[in-house]
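Just so you know, residue 1 is the first one in the sequence shown, and it goes up from there.
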Amino acid sequence: MAMSLSFVFALALLAMASGGLSHKIGGGGGGGGGGGGYYLYSQFYDHSCPRAQEIVKYIVGKAFAKDPRMAASLLRLHFHDCFVKGCDASLLLDSSGTITSEKRSNPNRDSARGFEVIDEIKFALEKECPRTVSCADILAIAARDSTVITGGPSWEVPLGRRDSRGASLSGSNNDIPAPNNTFQTILTKFKRQGLNIVDLVALSGSHTIGNSRCTSFRQRLYNQTGNAKPDPSLDPSYAAELRQRCPRSGGDQNLFFLDLVSPTKFDNYYFKNLLAGKGLLNSDEVLLTKNQQSAELVKTYAENSETFFEQFARSMVKMGNISPLTGSRGEIRKHCRRVNKD
């Protein structure tokens, strides 16, 4: 590296003194903040594990080169983790003893992926600095790096989360917005986490990358309102194209791009697609059709990618601040799939 370690150290101290990169937590929603006056800040590992972010970035990059779909998968893991008991890596726990894994929930079963990439990152970090970097922080950093590697914005990731000692299958089933939820239900689920309508629209923009399964949007093609007709807000030619690989029955796991224009590039085409009636999921299209404020935001982000990128970064930091475990709460897991034995 061009900069000397002493210079980096001086910069870190300066940033901490000025509070320039710190993000205090005031109970980011969903059950309160870190407690005990602790807060997350981006320099958390600067002394205890200075290469932590570099290691995460390298392994995310390697995984993306092998499978470009992995970026969206890692971003989704952070989202699905934070919406259940806060950003505490509860999603990563396998079932064992008293723990029933969140991986079994409807939003995660057959679709949540990327766990082996998190395992690889954790293994490398345990080698570099044992029992130091939490699995919850790995998810937050990997989500940022996945956004950047696909062409999206970057941001300083506030760090210092600790890992939970339990999981919540019911929370995973009930708290994560579903593709067929109404607009009001989705907004309520966001508000429960301390997030607002601006966060909802901006974070939905992550659907500019990744895939969805036929089973998640089939009703839009055949029976949207129980009248055996397709969703009228769906572009007819796009619907016809989707029906070729998403039949009335069967093909549940067939994958479709969430953004048909630039499926592996993080950009604002997701919003442009919505305006053209080519949003894939019902939960995407309702942003345009069911609420005036969200419709205006869709139009704004479709017109200006910079505005979208700035808000996406802000909303990701805000989401990453949902009810973290800090201080002496929780633990730093040695293996992300199981709680520590000692």
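V298 and L281 are members of different hydrophobic clusters when ILVMFWY side chains are connected at heavy-atom separations under 4.5 Å. Criterion: ILVMFWY side-chain heavy atoms under 4.5 Å apart, direct or through other members. Under it, I121 and V148 are not part of a common hydrophobic cluster. L242 and L288 sit in two unconnected hydrophobic clusters of ILVMFWY residues. Membership requires side-chain heavy atoms under 4.5 Å apart, directly or through other members. Cluster annotation: L274 is not connected to L221 through the hydrophobic network of ILVMFWY side chains, with a link wherever side-chain heavy atoms come within less than 4.5 Å. Note: the hydrophobic cluster containing L77 also contains M316 (ILVMFWY, side chain heavy atoms under 4.5 Å, direct or indirect links).
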R51 and E54: CA distance, side-chain angles, deciding distance, salt bridge (charged side-chain N to carboxylate O under 4.0 Å, His left out) verdict:
CA-CA 5 Å; R51 290 186 62 235; E54 185 189 323; 3.4 Å; yes
Set out, in order, the CA-CA distance, both residues' side-chain angles and the distance that settles side chain to side chain contact (heavy atoms under 4.5 Å, CB included) for K62 and E120, then state yes or no.
CA-CA 11 Å; K62 200 170 67 160; E120 189 182 343; 2.6 Å; yes
Step-by-step side-chain hydrogen bond (donor to acceptor under 3.5 Å, both in side chains) determination, S111 to R76
CA-CA 10 Å; S111 66; R76 188 170 183 255; 3.2 Å; yes
Checking side chain to side chain contact (heavy atoms under 4.5 Å, CB included) for the pair V261/N273: CA distance, chi angles, key distance, verdict?
CA-CA 8 Å; V261 177; N273 294 339; 3.3 Å; yes
Go through R144 and K57 one step at a time and tell me if the side chain to side chain contact (heavy atoms under 4.5 Å, CB included) criterion holds.
CA-CA 9 Å; R144 187 270 314 276; K57 184 180 178 180; over 6 Å; no
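Closest approach of C82 to I322, counting heavy atoms only: O-CG2, 3.7 Å. Of all heavy-atom pairs between I149 and G61, the closest is CD1-CA, 3.4 Å. The heavy-atom pair separating T132 from C49 by the smallest distance is CG2-CB, 4.1 Å. Smallest separation of non-hydrogen atoms from V157 and A140: CG1-CB, 3.8 Å. Of all the heavy atoms in C246 and F217, the pair that sits closest is SG-CE1, 4.0 Å. Across every non-hydrogen atom of K189 and N174, the tightest pair is CE-O, 3.1 Å.
With rounding to the nearest 0.5 angstrom, the CG atom of D163 is 8.0 Å from the CG atom of N340. Rounding to the nearest 0.5 Å places CG of L125 at 5.5 Å from SG of C129. Atom SG of C87 is separated from atom NE2 of H78 by 5.0 Å, given to the nearest 0.5 angstrom. Atom CD1 of I141 and atom OH of Y45 lie 7.0 Å apart (nearest 0.5 Å). With rounding to the nearest 0.5 angstrom, the OG atom of S216 is 8.5 Å from the CG atom of L280. Interatomic distance, S204 OG to I186 CD1, rounded to the nearest 0.5 Å: 7.0 Å.
Contact check on R131 versus E126 returns no salt bridge, with no Lys/Arg side-chain nitrogen under 4.0 Å from an Asp/Glu carboxylate oxygen. A salt bridge is absent between K122 and D119: the closest approach of a Lys/Arg side-chain nitrogen to an acidic carboxylate oxygen does not fall below 4.0 angstrom.
A side-chain N or O of Q311 and one of S315 form a donor-acceptor pair less than 3.5 Å apart. Counted by atom type alone, T182 and T185 present one or more donor-acceptor pairs between their side chains at under 3.5 Å. In summary, the side chains of D94 and S96 do not present any donor paired with an acceptor at a separation below 3.5 Å, with no hydrogens or angles considered. For the 3.5 Å distance criterion, the side chains of N173 and S170 fail to qualify, holding no donor opposite an acceptor. Checked by atom type, the side-chain pair S105/S172 shows a donor-acceptor distance below 3.5 Å. In the model, D259 has no side-chain atom that pairs as donor or acceptor with a side-chain atom of H207 under 3.5 Å.
With F256 as the aromatic partner, R245 meets the cation-pi criteria of under 6.0 angstrom to the ring centre and within 45 degrees of the ring axis. Geometrically, K103 engages F115 in a cation-pi contact, judged by NZ or CZ lying under 6.0 Å from the ring centre and within 45° of the ring axis.
Side-chain contact check for L139 versus L92: some heavy-atom pair is nearer than 4.5 Å. At a threshold of 4.5 Å between non-hydrogen side-chain atoms, the residues S90 and E102 count as touching. Under the 4.5 Å side-chain criterion, counting only non-hydrogen atoms from C-beta, P153 is in contact with F266.
Checking side-chain atoms of R104 against main-chain N and O of R109 turns up no donor-acceptor pair under 3.5 Å. Not a single donor-acceptor pair under 3.5 Å links the side chain of D67 to the backbone N or O of F64. Under a 3.5 Å cut-off, the side chain of S134 and the backbone N or O of R161 do form a donor-acceptor pair. A donor-acceptor distance shorter than 3.5 angstrom exists from the side chain of T208 to the backbone of K265, with no hydrogens or angles considered. Panel note: side chain D175, backbone V84; no donor-acceptor pair is recorded below 3.5 Å. With hydrogens and angles disregarded, no donor-acceptor distance shorter than 3.5 Å links the side chain of S42 to the backbone of P158. In this structure a side-chain-to-backbone donor-acceptor pair under 3.5 Å is missing from D231 to Q224. Checking side-chain atoms of R113 against main-chain N and O of L74 turns up no donor-acceptor pair under 3.5 Å. Not a single donor-acceptor pair under 3.5 Å links the side chain of D267 to the backbone N or O of S305. The main-chain N or O of C336 is found under 3.5 Å from a side-chain atom of R333 such that the two form a donor-acceptor pair.
Between F271 and Y269, the ring centre distance reaches or exceeds 6.0 Å. For F312 and Y301, the ring centers sit 6.0 Å or farther from each other.
Residue-environment remark: CD (E306) stays at or below the threshold of 12 foreign heavy atoms within 6.0 Å. Applying the 6.0 Å contact sphere to CD of E116 captures more than 12 heavy atoms from other residues, nucleotides or ligands. Residue-environment remark: CZ (R213) exceeds the threshold of 12 foreign heavy atoms within 6.0 Å. The local environment of NZ in K334 is sparse, with at most 12 non-hydrogen atoms from other residues, nucleotides or ligands closer than 6.0 Å.
Judged as a side chain to side chain contact (heavy atoms under 4.5 Å, CB included), and not counting sequence neighbours, the contacts of N211 are R69, L255, F257. With sequence neighbours excluded, the residues satisfying side chain to side chain contact (heavy atoms under 4.5 Å, CB included) with Y222 are R218, R243, R248.
Taking the six-membered ring for Trp and thresholds of 30 and 60 degrees, F79 and F190 have ring planes inclined between 30 and 60 degrees apart.
The salt bridge (Lys or Arg N to Asp or Glu O under 4.0 Å) test with D199 is passed by exactly one of R314, K318, K191: K318.
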